[in-house]
Amino acid sequence: MDKTDKEKIDNLLSDVDDTKSVNINKQEEDDDAQFEALLKEFIATEMTEEDTDVMAQDYKDEPTTPKKNNGLAEEEDVLYNAYLNYTGAIIAISKENNLTEPKFKFELDMLKPRFKPYIGKTLASDMLIGWDIMIKAHPTEVLSINPQAKDEELLNFAEKQNNENLQMAIISYVEVLIELESCEIAYEKRRLKAKRKKIEKEIILEHQKRVERIKKYTEAIQKEEYPVDAERLVKNYFKTSKNDADGAFKMLTQNPATFAPIEIQKIKDRFFGLIKAKPEDGIRINKELGNFLKKLKV
């Protein structure tokens, strides 16, 4: 995780409600909702609007994609069958027109374990080889096709052809394009799902570190029995420090009561209870606590 990501996560985690201690190892009632809110905010800063639209879908209950007999997932299997129909038709066209049979580069194993964007280039190359064969075999018909023709136009053209192989080549070409897009969408979903998991892991780790630091500071203050809500003081300090680290530390060491007031009623009487605690003692303890925190290393 780079420095920028860490700073963003730090800022998000510092917004945790300061009214109670947060511990992700405890299944508190609002823990999941709080974590999800942090995650959504972080995702919003890291992804484009298009990314977040896809990420918004819930993949937690997504079933494992079943494999076909050829070892491919469903999307890849449909794409490969469309490809076989296309290349089969092109080979048939080359044979019936005494043309050199083309050598295609795309292979089944390229779709394993799942589709990756770079294989689109190999597919595109084979598609062009097929078009060259169609043009050589049926120049009049094929060259009449609008180069910018949409899928529907190509399918309409195919329906009008008498040559079954040419018809199959055009139809399967359209199918390859459609299924290729389907595989690209499925890939993008997997990519975003993986990115979400990575972000979740990073936030969990940073959350744990934050909680541990708060715990250590809190325990150190409590150990010295300062009459102050140590947990509230520490959490308010961390929350403030996200916007102004230097200013927050200065305030912590010079006037810690800003983050949590000194509880006068908890100040111990001195000289065996003969001298009762006074408000002035709060000022003294506030100063002592500031000096303590200035030297504290956790």
Side-chain angles (χ1 to χ4, degrees), residues 1 5 32 35-36 39-40 42-44 46-93 101-134 149-155 158 164-165 167-204:
M1 176 169 47
D5 282 352
D32 289 340
F35 177 80
E36 189 67 20
L39 178 61
K40 287 181 179 179
F42 185 76
I43 288 172
E46 287 293 290
M47 296 184 177
T48 65
E49 183 176 349
E50 183 178 357
D51 282 343
T52 53
D53 286 343
V54 179
M55 182 68 87
Q57 301 179 45
D58 185 6
Y59 299 114
K60 292 180 180 178
D61 298 322
E62 183 182 27
T64 302
T65 305
K67 302 293 184 181
K68 301 298 180 179
N69 291 333
N70 54 22
L72 298 178
E74 184 174 354
E75 292 90 352
E76 285 80 356
D77 180 69
V78 177
L79 171 61
Y80 188 64
N81 285 331
Y83 171 80
L84 290 180
N85 289 336
Y86 177 75
T87 54
I90 295 300
I91 290 173
I93 290 174
E101 184 174 321
K103 295 185 181 300
F104 297 108
K105 297 180 180 179
F106 192 77
E107 298 177 353
L108 173 67
D109 287 345
M110 291 182 179
L111 290 172
K112 295 179 180 179
R114 297 300 303 270
F115 169 88
K116 295 180 179 61
Y118 72 85
I119 31 184
K121 294 182 179 180
T122 304
L123 267 176
S125 176
D126 284 357
M127 295 297 104
L128 291 176
I129 291 174
W131 277 101
D132 286 341
I133 296 295
M134 285 189 281
K150 298 183 182 300
D151 293 349
E152 186 175 352
E153 294 177 68
L154 290 173
L155 293 175
E164 292 184 359
N165 290 323
Q167 186 179 64
M168 173 59 72
I170 298 297
I171 292 175
S172 55
Y173 169 77
V174 173
E175 290 178 345
V176 168
L177 295 183
I178 293 173
E179 300 309 328
L180 178 59
E181 182 178 10
S182 176
C183 284
E184 289 173 342
I185 291 173
Y187 169 83
E188 186 64 8
K189 287 182 178 180
R190 295 195 302 275
R191 185 187 71 81
L192 292 176
K193 181 179 179 180
K195 186 168 186 177
R196 179 188 177 100
K197 288 184 177 297
K198 178 175 179 289
I199 293 172
E200 286 178 340
K201 183 177 179 180
E202 290 171 354
I203 290 181
I204 287 173

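Because only heavy atoms are used, hydrogens play no part in the values below, and waters and symmetry mates are left out as well, while side chains stay in.
- Interatomic distance, CD1 of Ile90 versus CE of Met168, reported as 11.5 Å (0.5 Å rounding).
- Summarising the geometry of Leu111 relative to Glu76, their closest heavy-atom pair is CD1-O, 3.6 Å, with the distance given to 0.1 Å.
- Between atom CG of residue Leu155 and atom CD of residue Gln167 there is a gap of 10.0 Å, rounded to the nearest 0.5 Å.
- With salt bridges taken as basic N to acidic carboxylate O contacts below 4.0 Å, one links Arg114 and Glu75.
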> Do Tyr83 and Asp126 pass the side-chain hydrogen bond (donor to acceptor under 3.5 Å, both in side chains) test, and can you show the C-alpha distance, the side-chain angles, and the key distance before you say yes or no?
Replying inline: CA-CA 9 Å; Tyr83 171 80; Asp126 284 357; 2.6 Å; yes

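- Between Tyr80 and Phe106, the two ring planes are tilted [angle within 30° to 60°].
- Once rounded to the nearest 0.5 Å, the distance linking CG of Leu177 with CD of Glu181 reads 9.0 Å.
- Counting heavy atoms of neighbouring residues, nucleotides and ligands inside a 6.0 Å radius, atom NZ of Lys116 exceeds 12 of them.
- Using cut-offs of 30° and 60° for the angle between ring planes, the Phe115 and Tyr187 rings count as perpendicular.
- Going from atom CD of Glu175 over to atom CG of Leu180 covers 13.0 Å, rounded to the nearest 0.5 Å.
- Taking each heavy atom of Asn165 and Ala89 in turn, the nearest pair found is O-CB, 3.5 Å.
- Under the 4.5 Å side-chain criterion, counting only non-hydrogen atoms from C-beta, Trp131 is in contact with Ile170.
- Asn81 places a side-chain N or O within 3.5 Å of a backbone atom of Asp77 that can act as its donor or acceptor partner.
- One finds the CD1 atom of Ile203 at 11.0 Å from the NZ atom of Lys198 (value rounded to the nearest 0.5 Å).
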>> Working note: Leu123 + Leu79, criterion side-chain contact (heavy atoms from CB on, under 4.5 Å); need CA distance, chi angles, decisive distance, verdict.
In response: CA-CA 10 Å; Leu123 267 176; Leu79 171 61; 4.0 Å; yes

> Does the pair Glu188 and Arg191 meet the rule for a salt bridge (charged side-chain N to carboxylate O under 4.0 Å, His left out), with working shown?
Replying inline: CA-CA 5 Å; Glu188 186 64 8; Arg191 185 187 71 81; 2.6 Å; yes

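- Residue Lys112 qualifies as enclosed at atom NZ: its count of foreign heavy atoms under 6.0 Å is above 12.
- Here CG of Leu72 is found 9.0 Å from SG of Cys183. Values are rounded to the nearest 0.5 Å.
- Ion pairing between a basic and an acidic side chain is recognised when a charged N comes within 4.0 Å of a carboxylate O; Glu153 and Lys150 show no such pairing.
- Taking both residues in full, the closest heavy atoms of Thr122 and Met110 are given as CG2-SD, 4.1 Å, listed atom of the first, atom of the second, then distance.
- Minimum heavy-atom separation, Leu108 to Asn70: CD2-O, 4.0 Å.
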